[in-house]
Student: 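Following this message is one structure expressed as structure tokens.
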Number of protein chains: 2
Amino acid sequence: MRDNETHMSSPEKRTAGPGRPRNFDEAAALQSAMHVFWQKGFEATSLDDLTKAMGLSRSSFYATFGCKQTLFLRALEHYSENGIRGLKEVAETAADDPVDAMMQALSDPKGGPRGCLLVNCITELAPHDDKVAEIGRRHLEDIEDLFAAAIDPANPDGVRDRASAYSSLAIGTLALRKAGLPAERIARTLKQARTVLTS
Amino acid sequence: MRDNETHMSSPEKRTAGPGRPRNFDEAAALQSAMHVFWQKGFEATSLDDLTKAMGLSRSSFYATFGCKQTLFLRALEHYSENGIRGLKEVAETAADDPVDAMMQALSDPKGGPRGCLLVNCITELAPHDDKVAEIGRRHLEDIEDLFAAAIDPANPDGVRDRASAYSSLAIGTLALRKAGLPAERIARTLKQARTVLTS
DNA sequence: TTGTTTCTGGACCGTTCAGTCCAATAATGT
DNA sequence: ACATTATTGGACTGAACGGTCCAGAAACAA
């Protein structure tokens, strides 16, 4: 993505009528694409990577998703929605210490060493791509909101700043993971920092 | 960088002798290259970008630096050395509260919204490139060492974990910056978190 | 079956990429 | 001045990129 204004050919709306129906699941394809972007980043992901992972021909790809950039943004939205919903569930499930549970979930995401797709994309693209920055900002704010809601209401001092600190801390550990530092040490760090930040 | 094993043609050692001397400063060229990588990342930086910024012809470029990948690694090393030295100076200068000074410096680096070159590269490349991961790991550990040394010796409990928490926190805020969150809010968050983490 | 509509694979296009190569040039020692 | 050596710019290469296009196959309604 070297340029903000891409060709952006939009997928023509096809009238539903008689004729061959598509034999792939658009949502599943989107999910697959998301995983590729997650693993390789935007620039390093080629159309061959995408079509192969999605099980689509190039034609179907462009007819359905328009262009790489459009698909990418949809994948980011998809990731964000799923991630925030999952994080909310984590907080609700671990009602005894939702903040700690959220920190663990953020720091050790299901994506494994791939980290958080949106944090990756913020780092790679946000400074040069407004749309990515926008989605990223909203994602981060959603996370902060969840932290703010999970913070013990008996300790309401500087809730917003503490929520921000929690998410920054968790996000920061992703870089440590990616650099190859042992997960065990990171978890311990997080645990310790959390007990201190609570007070 | 789609592949770990690149062509890696090494720059032939030129015997010093009579003949035209090079009329550019290798260190300055390296510095310029570093800034380009810092701004655009590895993948998005083309050789034209590099040669233009460095003021070199393609021939001189390859004769001097071998290949893009090699230059890149040298730029990372250069950045790390400079950064760690600068951070150490920050800590020594602000002797009253070196931890706070370091956090500020890390969170609001001279690179501005570009964040930290090494954190960017860890995010973009470390999972697929061992050498980058190695340099990044060392950089992060150096930062942690500086924090550990700066922590009040009257409070020696869990020094290592606290140092790790400080750097994670500072590094995490870089993502917030890149996503476009206002610097003022981030600084406030950091300040508040720091006062709590000290206790 | 026939007609219609949509999907599919692969060929194709123009651009850009990292890297190579060479004739011309410029700075040195003698 | 001359021979020597390294630098320089720019042309070039082969591969990979994102995106387009089309002929044919496949699935529906009738």
Side-chain angles (χ1 to χ4, degrees), chain A residues 1-26 28-29 33 36-37 40-75 125 129, chain B residues 1-26 28-29 33 36-37 40-75 124-125 128-129:
Chain A
M1 186 160 12
R2 201 138 303 164
D3 200 338
N4 253 354
E5 44 187 337
T6 62
H7 207 238
M8 196 63 76
S9 68
S10 59
E12 313 117 39
K13 263 283 168 252
R14 310 252 166 169
T15 63
R20 180 181 179 178
R22 65 169 45 138
N23 63 354
F24 64 89
D25 181 349
E26 184 171 328
V36 181
F37 285 128
K40 313 188 69 168
F42 179 83
E43 291 278 4
T45 296
S46 72
L47 270 176
D48 283 339
D49 293 331
L50 287 171
T51 52
K52 190 179 163 192
M54 300 165 82
L56 267 67
S57 69
R58 254 172 145 72
S59 322
S60 304
F61 177 94
Y62 279 100
T64 309
F65 295 103
C67 70
K68 190 188 173 189
Q69 164 91 326
T70 304
L71 168 67
F72 177 64
L73 293 176
R74 282 189 60 182
L125 306 168
D129 188 313
Chain B
M1 191 162 5
R2 200 140 303 163
D3 200 337
N4 253 355
E5 44 187 335
T6 61
H7 208 239
M8 197 61 77
S9 66
S10 58
E12 314 118 39
K13 262 284 168 251
R14 309 252 166 170
T15 63
R20 180 180 178 178
R22 66 169 45 136
N23 62 355
F24 64 89
D25 181 351
E26 185 172 326
V36 180
F37 285 128
K40 312 188 71 168
F42 179 83
E43 291 279 4
T45 296
S46 71
L47 270 177
D48 282 339
D49 292 331
L50 288 171
T51 52
K52 190 178 163 191
M54 300 163 83
L56 265 67
S57 70
R58 254 173 146 71
S59 322
S60 304
F61 176 93
Y62 279 101
T64 309
F65 296 103
C67 71
K68 190 188 174 190
Q69 165 91 326
T70 303
L71 169 66
F72 177 64
L73 293 177
R74 283 190 58 182
E124 182 189 359
L125 306 167
H128 310 297
D129 188 314

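From a predicted model like this one, the values you see are computed outputs, not experimental measurements. Lettering of chains follows the sequences in order, A, B, ..., and the numbering in each one begins at 1.
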Student: If you compare all heavy atoms of Ala53(B) against all heavy atoms of Val36(B), which two are closest, and at what distance to 0.1 Å?
Tutor: CB-CG2, 3.4 Å
Student: Could you state the atom-to-atom distance from CG of Leu47(A) to C1' of dC12(C) in whole Å?
Tutor: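 About 15 Å, once rounded to whole Å.
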Student: Using atom CD of Glu43(A) as one end and atom P of dA18(C) as the other, report the distance to the nearest whole Å.
Tutor: 11 Å
Student: Hey, mind stepping through Phe72(A) and Leu50(A) against side chain to side chain contact (heavy atoms under 4.5 Å, CB included) and telling me if it holds?
Tutor: CA-CA 10 Å; Phe72(A) 177 64; Leu50(A) 287 171; over 6 Å; no
Student: Quick one: Phe65(B) CZ to dT20(C) P, roughly how many Å, whole number?
Tutor: 16 Å
Student: Using every non-hydrogen atom in the two residues, find where Phe37(A) and Ala75(A) come nearest and quote the distance to one decimal.
Tutor: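 Minimum heavy-atom contact is CD1-CB, 4.2 Å.
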Student: Would you mind reading off the distance between Leu50(B) atom CG and dG9(D) atom P, rounded to a whole angstrom?
Tutor: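 Computing the Leu50(B):CG to dG9(D):P distance gives 16 Å.
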Student: Please state how far atom OH in Tyr62(B) lies from atom P in dC12(D), giving the value in whole angstrom units.
Tutor: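 Answer to the nearest Å: 18 Å.
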Student: Answer with base, sugar-phosphate or nothing: what part of the nucleic acid does Phe61(B) contact at a heavy-atom distance below 4.0 Å?
Tutor: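 No contact at all - Phe61(B) keeps every heavy atom at 4.0 Å or more from the nucleic acid.
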Student: Measure CG/Leu56(A) against P/dT6(C) and give the value in whole Å, please.
Tutor: 17 Å
Student: Pairs under 3.5 angstrom, nitrogen or oxygen only, protein versus nucleotides 21-24 of chain C, please.
Tutor:
| from | atom 1 | to | atom 2 | distance (Å) |
| --- | --- | --- | --- | --- |
| dC21(C) | N4 | Ser59(B) | OG | 3.4 |

Student: To the nearest Å, how far apart are Asp48(A) CG and dG18(D) P?
Tutor: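 Distance check: Asp48(A) CG to dG18(D) P gives 8 Å.
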Student: Taking only side-chain nitrogens and oxygens of Ser60(A), does any of them come within less than 4.0 Å of OP1 or OP2 of dT8(C)?
Tutor: yes
Student: Run the side chain to side chain contact (heavy atoms under 4.5 Å, CB included) check on Thr64(B) and Phe24(B) step by step: do they pass?
Tutor: CA-CA 11 Å; Thr64(B) 309; Phe24(B) 64 89; 3.5 Å; yes
Student: Does the pair Leu56(B) and Phe65(B) meet the rule for a side chain to side chain contact (heavy atoms under 4.5 Å, CB included), with working shown?
Tutor: CA-CA 11 Å; Leu56(B) 265 67; Phe65(B) 296 103; 4.1 Å; yes
Student: Is the Lys NZ or Arg CZ of Lys68(A) less than 6.0 Å from the centre of Phe42(A)'s six-membered ring, within 45° of the axis?
Tutor: yes
Student: Counting heavy atoms from C-beta on, name the nucleotide in dG18(D), dT8(C), dT20(C) closest to the side chain of Lys68(A).
Tutor: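 Given the options dG18(D), dT8(C), dT20(C), the side chain of Lys68(A) is closest to dG18(D).
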Student: Would you mind reading off the distance between Phe24(A) atom CZ and dC7(C) atom C1', rounded to a whole angstrom?
Tutor: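 Nearest whole value for this atom pair: 9 Å.
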Student: Does Asp48(B) have any side-chain hydrogen bond (donor to acceptor under 3.5 Å, both in side chains) partners at least two apart in sequence or in another chain, and if so, which?
Tutor: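 Checked Asp48(B) against side-chain hydrogen bond (donor to acceptor under 3.5 Å, both in side chains); matches are Arg58(B).
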